[in-house]
Amino acid sequence: MMTVKGLSVFVCVLSILNSASLCCGFDPVDNYLIDCGSSIDTKVGNRVFLADNSNSNSISTPKNIFAKASTSVTSSDSSLLYQTARILDGTSKYTFSIRQPGRHWIRLYFYPFIHDSYKMNRAIFHVSTQDHVLLSNFNVNSTVVKEFSLNVTSSSLEIIFTPSNNTFAFLNALEVVSVPDALITDDASTFNPLGKFQGMFSQALETVYRVNMGGPTILPETDTLGLARTWVPDQGFLINKNFATNVSNIAAVKYVEGGATPEIAPNVVYGTATMMNSGDNPTSNFNVTWQFNVDPGFQYLVRFHFCDIVSKALDELYFEVYIDSWIVAKDLDLSVISSNTLAAALYMDFVTASKVSSKLLVSIGPSSIPNVLPNAILNGLEIMKMNNSLGSLSGSATLLSDSNSKKNVGMIVGLIVGAVIVVVAVIIFMLCRKRKKLACQRLSKTWIPLSISGENSHTVGSKYSNGTTASVNSNLGYYIPFVAVQEATNNFDESWVIGIGGFGKVYKGVLNDGTKVAVKRGNPRSQQGLAEFQTEIQMLSQFRHRHLVSLIGYCDEKNEMILVYEYMENGTLKGHLYGAGHPSLSWKERLEICIGAARGLHYLHTGYAKAVIHRDVKSANILLDENLMAKVADFGLSKTGPEIDQTHVSTAVKGSFGYLDPEYFRRQQLTEKSDVYSFGVVLFEVLCARPVIDPTLPREMVNLAEWAMKWQKKGQLEQIIDPTLVRKIRPDSLRKFGETAEKCLADFGVDRPSMGDVLWNLEYALQLQEVSVPGDPEENSTNMIGELSPQINNFSNVDNSVSASQFETSSVDDLSGVSMSKVFSQLVKSEGR
């Protein structure tokens, strides 16, 4: 029996029959439904929206303006609510008494119908509560229902409408409804980085998508009684509709203990599904992918709904689930989670990192478990935007209610008085501690800021540490003031975090001139500190190469260590290899990425007075720009190579497990060949698209380098390649690639090729992949060639104008401009180096 690894399923504990649940439903304690602008109650399905002048709510507004549509409004649903609207000509506030604190839904209905006095499609306004901004500079051109979920802890809830740009606000209908406590749990799984997210109770959420996979639209009146949600079909979100097929078996759905409940989703959601359209073909190997538009700069709660309505028996269905480029559920066996019950309703919650892209991709695909028919299903999906660190769901948190503003006046006065007292106390305290602080700084080796002065030179380090003197011209030109970094990152907005590394968090940012940047902010508690900070500046301020990530600047104010780099649109090579989200890289793309990274490393080893050894070569440190061009990144562990009369540098072992040169590990002697070994591991990682260390696999497969070398030495490397590459790599190209990786992984550095030779052989593997045979229509078939084409093998017409020595000289620099046709015309053998 397979187990699900790294997953946390957060579920309600309730066992109840479908029929009973649909009969009883959920009875909300707070249930305010208002038909805004209407003088009479309006019945929609089994719910009644009260007239706007009822006593169920309190509204504060400069004028009571009711608007009625001049013609009958027709809409896809709840059309009766769009016949009237309340016009809010000035800051206005609805106040609701909360009888049961906890999570509540706020639903706002908008439709800009034609009116003689008010052009509603020109209204621009903000909507907020006491603690959160829901909408900012909101404008409506069509029917819109906005649904928000807030944890209300006070005895009242205020919803404030603030017109913008001298216009007005309007609203057609409003709901404030209690939500079952178990609908949103306090924690969820995260996958970027892997771990848990806790604190969901305090989050405000906006429902962005609620999708019924493989099924019809579910209107509020047909959802679980009391919850009135709208679920839409998934067809409009599928990237390739031919990859998917719909299945339905509503009668089979079971709500079991430890699983979902009807409040989580109705049986119509769990009883329908979108499934891989594999047609029982055992060789099917593709993912079903949905694409959703989202707002960058926010995290999202993604909820998957599963119910195995397709299997006839247990242990038939294993599949994998992806969000963007991350695999979030590997070899998922729903029967394990449901205690060996078929068709049990289940759900799983995952929290994304702050989105950089405006697209969110969700995919399902077949498992790699042997002897299992390829299949995958998804029954439902919910995507909810989470508020940012400022409490906003719309990028702004400056809107406050009148009551809060009055409270703030008193708070500001108190803070000013308190601040004066604190400042005086701090000055006295700092004077007393000054000598002790200086002594501590002398001893510190890990967290001391750079000392920037106006002198002719300065030390890269601190005046209290042993730094390396560098010229002002070389480094001060890269200095960026702290206030500029704050502005670029929206004051280090947590929702702008795009990664977390050993040095600290990495934020997406935008400089004043519009340049997109990645901002790495040092964490004082990190094991990496001053040494890595110095090294990164020293290395990247001296090097400029198209295959090395560029340093834009740094900042060391206010005890900060901040590095600012060019922004790489497509993230890491690792992110493109593991899972879905990104389209699978072709073999040519992978070769070109490896070639680009090899060029960058070759330049480090040969393009400067002394060789520079990267010391942390791995797929996570190879970044891809918008054109998938590779750039080597993260030089915090880099070290200058040996002198001319030395064979190695003796140094403590540093690097990443799985990529580490065993000779360097044993002898603590570092050479350029240590980078070559790590790059060899990356080559197999690129070929096999799996982690270099995976403890969940059988023992012989845990270490990628060892496992791949066994197959390479048997001459059967094609048995372990990424399934998406099967029958797409020419045999000679694969052979040359495998030989290159094998040589890189030689036990002793002296037996490994230089990065120049590795680069040469990768270029050669690419040339072999692109060779065409006249008359063969299947250019990408693996049966294409057994040897090189006549044009390549014909060496009688050698161009003597280009010598091998000329090529060697050129290879020291960036080789991107070298004509490879001329390079290959110099070969005497087809084997390469």
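What you see below is based on every heavy atom in this structure, not just the backbone, and it leaves out hydrogens, waters and symmetry mates.
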Q) Should the pair F237 and Y209 be assigned to parallel (<30°), tilted (30 to 60°) or perpendicular (>60°) ring geometry? A) perpendicular
Q. Between D295 and S358, do the side chains contain an N or O donor and an N or O acceptor separated by less than 3.5 Å?
A. no
Please enumerate all residues that pass side-chain contact (heavy atoms from CB on, under 4.5 Å) together with [X], with sequence neighbours excluded.
X: V48; result: D41, K43, L50
X: P233; result: T217
X: A67; result: I87, F113, H115, M120
X: D181; result: none

Is the distance between the ring centroids of [X] and [Y] less than 6.0 Å?
X: F306; Y: Y347; value: no
X: F170; Y: Y118; value: no
X: F110; Y: F138; value: yes

Q) Which residues satisfy the salt bridge (Lys or Arg N to Asp or Glu O under 4.0 Å) test with E494, sequence neighbours excluded? A) K505
Q.
List the residues meeting salt bridge (Lys or Arg N to Asp or Glu O under 4.0 Å) with D493, not counting sequence neighbours, and say none if there are none.
A. none
Check ring pair (Phe, Tyr, Trp, His ring centres under 6.0 Å) between [X] and all other residues, then give those that pass, not counting sequence neighbours.
X: W290; result: none
X: H305; result: W231, Y270
X: F492; result: F482, Y507

**Q.** Residues K196, D187; criterion salt bridge (Lys or Arg N to Asp or Glu O under 4.0 Å); working and verdict
**A.** CA-CA 7 Å; K196 289 186 180 296; D187 51 6; 5.5 Å; no
Q | Heavy-atom donor-acceptor pair, S92 side chain to G90 backbone, under 3.5 Å | A | yes
Q: Indicate yes or no for a side-chain donor-acceptor contact from N151 to the backbone of S202 under 3.5 Å, with no hydrogens or angles considered.
A: no
Q) Can you name the nearest heavy-atom pair linking P112 to N121, along with the distance? A) CB-N, 3.7 Å
Q: For P28 and S178, work out which heavy atoms get closest and say how close.
A: CB-O, 3.8 Å
Q: Using a 4.5 Å cut-off on heavy atoms from C-beta on, say whether the side chain of R303 contacts that of I184.
A: yes
Q.
Are F350 and I323 packed together at the side-chain level, in the sense that at least one heavy-atom pair is separated by less than 4.5 angstrom?
A. yes
Q.
Does anything in residues 204-217 form a salt bridge (Lys or Arg N to Asp or Glu O under 4.0 Å)? List the pairs, not counting sequence neighbours.
A. K146-E206, E147-R210, E206-K385, R210-E382
Q. Which residues pass the side-chain hydrogen bond (donor to acceptor under 3.5 Å, both in side chains) test with N31, sequence neighbours left out?
A. none
Q. With sequence neighbours left out, what residues match K68 under side-chain hydrogen bond (donor to acceptor under 3.5 Å, both in side chains)?
A. none
Reported [atom1]-to-[atom2] distance for the pair [X] and [Y], which is rounded to 0.5 angstrom:
X: S149; Y: L301; atom1: OG; atom2: CG; value: 9.5 Å
X: I327; Y: S363; atom1: CD1; atom2: OG; value: 10.5 Å
X: S128; Y: L135; atom1: OG; atom2: CG; value: 9.5 Å

